[in-house]
Amino acid sequence: MKNMNQTKPVILKPFLLFLSVSLVFLFIVSFHSRRPNTSSTPPARQLKRPSSSSSPGGLRVRPGFGSYDMYIQHQLDKTLNPKLREVWTTRDWERKIKVFSGFFNDLKNKNLLSKYSKALCVGARVGQEVAALQRIGVSDSIGMDLVPYPPLVVAGDFHNQPFANETFDFEFSNVFDHALYPSSFVGEIERTLKPGGICVLHVSLTRRSDKYSANDLYSVKPLVELFHESEVVHIRTVDGFGLDTEVVLRKKMKNKASNKLVLLFSRQNQGS
Ligand SMILES: *[C@@H]1O[C@H](CO)[C@@H](O)[C@H](O)[C@H]1NC(C)=O
Ligand SMILES: *[C@@H]1O[C@H](CO)[C@@H](O)[C@H](O)[C@H]1NC(C)=O
C-alpha cells in the first residue's frame with residue numbers, strides 16, 4: 001500500500017484540487033444559465049405586496065423569490081413540467097371537466113353565469129375549466145396562463161392581464177395561491193370585469209398547497225378586503241381538487257341606481 005502511494009505523481013494533488021474547483025464553477029454557471037432571460041415579461045402595473053396591517057395574519061406572501069423573473073421561472077417549472085402536462089391532458093382531463101361543469105352549472109342556476117357571458121379562466125393551464133364552460137353552453141370563454149394552450153388558453157400573466165378594461169362578464173380562478181402580488185391579482189380581475197361582472201375564486205383555507213404556491217391564505221377576510229370595487233355574493237364550502245372554499249363577488253355598477261336594479265333583478269330571478 002505504502003509503495004503504491006509513493007508511486008503517484010506529485011502533480012496529482014494540485015490537479016485534483018483544480019478539477020474540483022472547476023467542477024464547482026461549472027455547476028454554478030450552468031445553474032444560472034438554466035434560467036432564461038425573462039426580463040421582457042412586463043412587471044405588473046402596480047405590484048404591491050399586502051401590508052401586514054391590512055391583512056392581519058390571514059394572508060402571508062411566501063418569502064424567497066429573489067426577483068420577479070425568478071418567480072416567473074419557478075411557476076414555469078410547474079406549468080411546463082412534461083409529466084404534469086401529460087397527466088392534465090389525459091388522466092385528469094375528463095374527470096376535471098366533469099367536476100368543473102358541476103360548479104359552473106350551479107353558478108348558472110344561481111344566475112351568476114349564462115350562455116351569453118364572456119368568460120375568462122385565470123391561470124387555466126391546459127384549459128379544463130374552459131372546456132367545462134363551453135360544454136355547459138358558455139361558448140365565449142377563454143383561459144389565460146403563462147404558457148398558451150391553443151385554442152383554449154392564451155398567454156398572459158395574471159399580475160398584468162393582456163385584456164382591456166371591462167372585457168368580461170365572468171372570471172374564474174383556482175390559482176390565487178400562486179399570486180406573488182395578491183393585490184395585483186385581484187386588481188386585474190376587477191379591472192377586466194365589466195361593471196356587474198362576477199368573480200369566482202376557489203381557494204384553500206386549510207390545506208397548505210404545493211411548493212409552487214407564492215402565498216398562504218388562512219381566512220376569507222383578507223382576500224375579500226383586496227377587492228375595492230366588488231361586493232360578496234356568497235362564500236361557501238366546496239370540494240374542488242384540494243380547494244375547500246368558493247368566494248363569489250360581483251363588481252359594483254357605476255352608480256347606485258343601477259346597483260339597486262341588479263339587486264332587484266337577481267332577487268326576482270331567485271324568487272321565480
Ligand atoms: C434580459 O433582457 C433584457 C431585455 O430583453 C435586457 O435589457 C437585459 O439586459 C437582459 N438581462 C440579461 C441578464 O441578459
Ligand atoms: C383601466 O382601469 C384602470 C384601473 O381601474 C385605470 O387606472 C385605467 O385608467 C383604465 N384605462 C382605460 C384605458 O380606461
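Counting starts at 1 for both ligands and their atoms, following the listed order.
Note that atom 11 (N) of ligand 2 has protein non-hydrogen atoms nearby, at separations under 4.0 angstrom. Protein heavy atoms are found less than 4.0 angstrom from atom 2 (O) of ligand 2.
The one candidate from K115, K251, K194 that meets the salt bridge (Lys or Arg N to Asp or Glu O under 4.0 Å) condition with D169 is K194.
In this structure the side chain of V61 reaches within 4.5 angstrom of the side chain of L180, judged on heavy atoms.
A donor atom on one side chain and an acceptor atom on the other are found under 3.5 Å apart for D177 and S213.
Numbered from 1 in the order shown, with element, the atoms of ligand 2 that lie under 4.0 Å from a heavy atom of R191 read 2 (O).
Scanning the protein heavy atoms around atom 9 (O) of ligand 2, the nearest turns out to be N165 ND2, 4.7 Å.
Under the 6.0 Å cut-off for aromatic ring centres, Y181 and Y71 do not qualify, their centroids lying 6.0 Å or more apart.
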